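Have a look at the structure below before the remarks.
Lettering follows sequence order; numbering is per chain, from 1. Predicted model only: the values in this text are computed from it and were never measured. Excluded from the calculations below are hydrogen atoms, water molecules and symmetry mates; all remaining heavy atoms, backbone and side chain alike, are included.
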Protein chains: 2
Amino acid sequence: MAKRVTLAEVAAQAGVSPITVSRALRRPDTVQPDTRARIDAAVSALGYVPDPAARALATGRADVIGVLIPSATNAVFTDVLSGLYEELSETRFDVQYGITRYEPATEEKLLGVFLRQRPAGLIVAGIDQTPAARRLLERADCPVVQVMEIGPDPVDMMVGFSHHDAAAAATRHLIAQGYRCPGFLGARMDPRTQRRFAGFRAEAEAASRFEPERCETTETPSSVGVGAALLRALLARRPETDAVFCNNDDLAMGALFEAMRLGRTVPDQLGICGFNDLEMMHAAEPALTSVRTNRFEMGVEAARMIRARLEGRDPGPALVDLGARVQARRSTGGPC
Amino acid sequence: MAKRVTLAEVAAQAGVSPITVSRALRRPDTVQPDTRARIDAAVSALGYVPDPAARALATGRADVIGVLIPSATNAVFTDVLSGLYEELSETRFDVQYGITRYEPATEEKLLGVFLRQRPAGLIVAGIDQTPAARRLLERADCPVVQVMEIGPDPVDMMVGFSHHDAAAAATRHLIAQGYRCPGFLGARMDPRTQRRFAGFRAEAEAASRFEPERCETTETPSSVGVGAALLRALLARRPETDAVFCNNDDLAMGALFEAMRLGRTVPDQLGICGFNDLEMMHAAEPALTSVRTNRFEMGVEAARMIRARLEGRDPGPALVDLGARVQARRSTGGPC
DNA sequence: TCATCTAATGATAGCGCTGTCATCGTAGCC
DNA sequence: GGCTACGATGACAGCGCTATCATTAGATGA
């Protein structure tokens, strides 16, 4: 319906050749100011908007930044997206998402979908790509940023933090607060979760407080309800447990509710620590301790790095550790 | 890096002309089975993937379905997205998002961004587009679905439910449970929220139980913390309030925690009802009543309608009411 | 047997833009 | 004054695909 206005029509209106219009739009400093003025006038008079497909075909490069995340409903990832938006919304780049559903095969497939568009940049969550996916990323001739986590051997650039260390810090906090029988609650035991568990375990073992039977995990995706169920199972088997490090905040929230149901008071009869520090944690009663991670900033930083590379500026170090810190609240106030 | 394989190369390998390859891929039934077999073999031997930009340029139509939602971090919208994915992930269509941040101007701008790509379809959240945005949508020559809500005068198609009626049903439930002084908690009072408020008000007035001073609202975006603050303010001013209808589940959760802090027991001293029925509601202690909306199904249905139209099938009625129903739980068990 | 029709395939010409090189005019310099 | 250098603009071709029409071969019927 809305008739498409082409470059050529703008050029005719402005009395110049199409290529000059193209240049005026992309690198205004390369055309005479008065020419540019005429062109700008024609552009707005005709309501010209460039056709991204034509541009992509001509340049062999789309102004698209592809983002691969495991889930669109997990606040952890959507916070990163918000950061990306913040940095990218006023640029010529479009963001395009793919949801991997935590399935490596889907990630590979979506990577193919993105790659065929020759994206300007690629952002992928995590460091656990399949070998095939990794090869694709390495061959992609565009900037690539792995977000959420840091590890050895980045494909290209990396922004995140060590989940192992963050979990270890949380465990240290529990022990420092006087809890003697810490347990672990985990759902969807993917590699990232495993590394958090490893951090818990390492620290608990260092304090001689590790007990495998106090680790309750499931392959089920995480949720508040699952957190409640896990705590119930854990306490049934190991009633001596006096604190739980939960793999994420949903589980922690579920654990809190379950503790209420069981009549176990928090924090004196049970310490609870979550992971991610979603907004609800501080508002809970008692307020829940969690590990604060800088998700929004990860998005901003990843976008910034990609932009810097694309615009020929120095993107700075290829590996950025945004850290994580324990946000201590009442739920880990210590045993009675 | 990864060298691009073109249609022409596949054609050469298969010993046919490029156009035949194009046909074999798009409408396999129009080429001889053995020709098709040779082409398929060549495609996989060479690892050919079509270039979406070239296709878009040649057809004047991109295989993109644009989605405009207010927020990427609000579970309400991401659930719709999941539904879209479910229906679209095995098709040739890509989903592309725009986040409007609840700003009509941003919505207009993003609509322009999408439109210039000549998308195959467009999905927008809500029915509160600006006149300009509405005009753009009407002129877009592609299927358009408004989701999340239904109302008079759809741009094209619509899938959702009446927020007014859903809120009224929740209010009716509170009154039926015996609560006599119902209040309202609302954050980010956008038009959709206003309609929920109107539903609450209409029903409360019908029962002669409406009291403006028992309505506590803020322009601040919603969160668990805000829910707690609103309840505190409400109860300070109107201690007789014996139930709250919360505009969404975050507020309800915050209200629950605040009630705990204030020593006000739920449900006998205070009934709490949320809206959306996020997973956490059923896991809370006490479990929280909420209004269940079919967000995932909305996504599925919207995508289905668009596909039907694009594939020349009958999309069925243009306005689909997916309804909403009160999921009663312990938090509205009735006053003491 | 020959005209007529249909199914399968091909040739051609763009879609709207930009990379590359060519052209033109003018300023600057010896 | 004639030369180079350079900034501004333009001509041309082509990115990879598909719409359109043309062509071919085989099937059908009188």
Side-chain angles (χ1 to χ4, degrees), chain A residues 2-40 42-43 46-64 92 94 113 115-120 141, chain B residues 2-40 42-43 46-64 92 94 115-120 141 310:
Chain A
K3 229 192 71 256
R4 172 158 291 274
V5 180
T6 67
L7 246 196
E9 300 173 60
V10 175
Q13 169 107 4
V16 296
S17 75
I19 188 67
T20 302
V21 176
S22 172
R23 267 194 288 255
L25 262 25
R26 287 177 300 149
R27 300 211 312 276
D29 52 302
T30 60
V31 306
Q32 203 90 320
D34 60 327
T35 312
R36 200 190 327 158
R38 277 206 323 280
I39 292 175
D40 288 347
V43 163
L46 298 173
Y48 169 76
V49 286
D51 178 335
R55 187 202 294 263
L57 184 57
T59 58
R61 174 67 67 208
D63 285 341
V64 164
R92 70 173 196 281
D94 291 336
V113 171
L115 250 17
R116 81 172 64 167
Q117 297 188 49
R118 301 165 174 263
D141 71 328
Chain B
K3 227 189 75 260
R4 171 159 290 275
V5 180
T6 68
L7 248 196
E9 300 173 57
V10 175
Q13 169 108 1
V16 295
S17 76
I19 189 66
T20 302
V21 176
S22 173
R23 267 194 288 256
L25 294 172
R26 285 177 302 149
R27 300 211 313 275
D29 52 302
T30 60
V31 306
Q32 201 90 320
D34 60 327
T35 312
R36 199 189 329 158
R38 278 208 320 281
I39 292 174
D40 288 347
V43 163
L46 298 174
Y48 169 76
V49 287
D51 179 333
R55 186 201 294 262
L57 184 57
T59 59
R61 177 65 67 207
D63 285 341
V64 164
R92 70 172 194 283
D94 290 336
L115 250 16
R116 80 172 61 169
Q117 297 187 48
R118 300 168 174 260
D141 72 328
L310 293 175

### Query
Taking 5' to 3' order, which nucleotide of DNA chain C is first and which is last to have an atom within less than 4.0 Å of a heavy atom in chain B?
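Listed 5' to 3', the contact boundaries are C/dA8 to C/dG16.
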### Task
Let me know, please, whether B/A58 or A/R23 comes out on the 5' side of the other along DNA chain D by nearest nucleotide.
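That would be A/R23.
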### Query
First contact, last contact: which nucleotides of DNA chain D are these for chain B, 5' to 3', heavy-atom distance under 4.0 Å?
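Footprint of chain B along DNA chain D, 5' to 3': D/dG16 to D/dA19.
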Let me confirm one number: the [atom1]-[atom2] distance from [X] to [Y], rounded to the nearest 0.5 Å.
X      : Y      : atom1 : atom2 : value
A/R55  : A/L7   : CZ    : CG    : 9.0 Å
A/R36  : A/T20  : CZ    : OG1   : 13.0 Å
A/R116 : B/D94  : CZ    : CG    : 8.0 Å
A/D63  : A/Q117 : CG    : CD    : 11.5 Å

### Task
Let me know, please, whether A/R26 or A/A53 comes out on the 5' side of the other along DNA chain C by nearest nucleotide.
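With A/R26 and A/A53 compared, the 5'-side residue is A/A53.
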### Query
Of B/L57 and B/I19, whose nearest nucleotide on DNA chain C comes first from the 5' end?
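Looking at DNA chain C, the more 5' nearest nucleotide goes with B/I19.
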### Task
List the steps, then state whether side-chain contact (heavy atoms from CB on, under 4.5 Å) holds for B/L25 with B/V43.
CA-CA 10 Å; B/L25 294 172; B/V43 163; 4.2 Å; yes
#### Entry: Worked check of salt bridge (Lys or Arg N to Asp or Glu O under 4.0 Å) between B/R61 and B/D141
CA-CA 10 Å; B/R61 177 65 67 207; B/D141 72 328; 3.3 Å; yes
### Query
Which part of the nucleic acid does A/P50 contact within heavy-atom distance under 4.0 Å: base, sugar-phosphate only, or nothing?
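It contacts sugar-phosphate atoms only.
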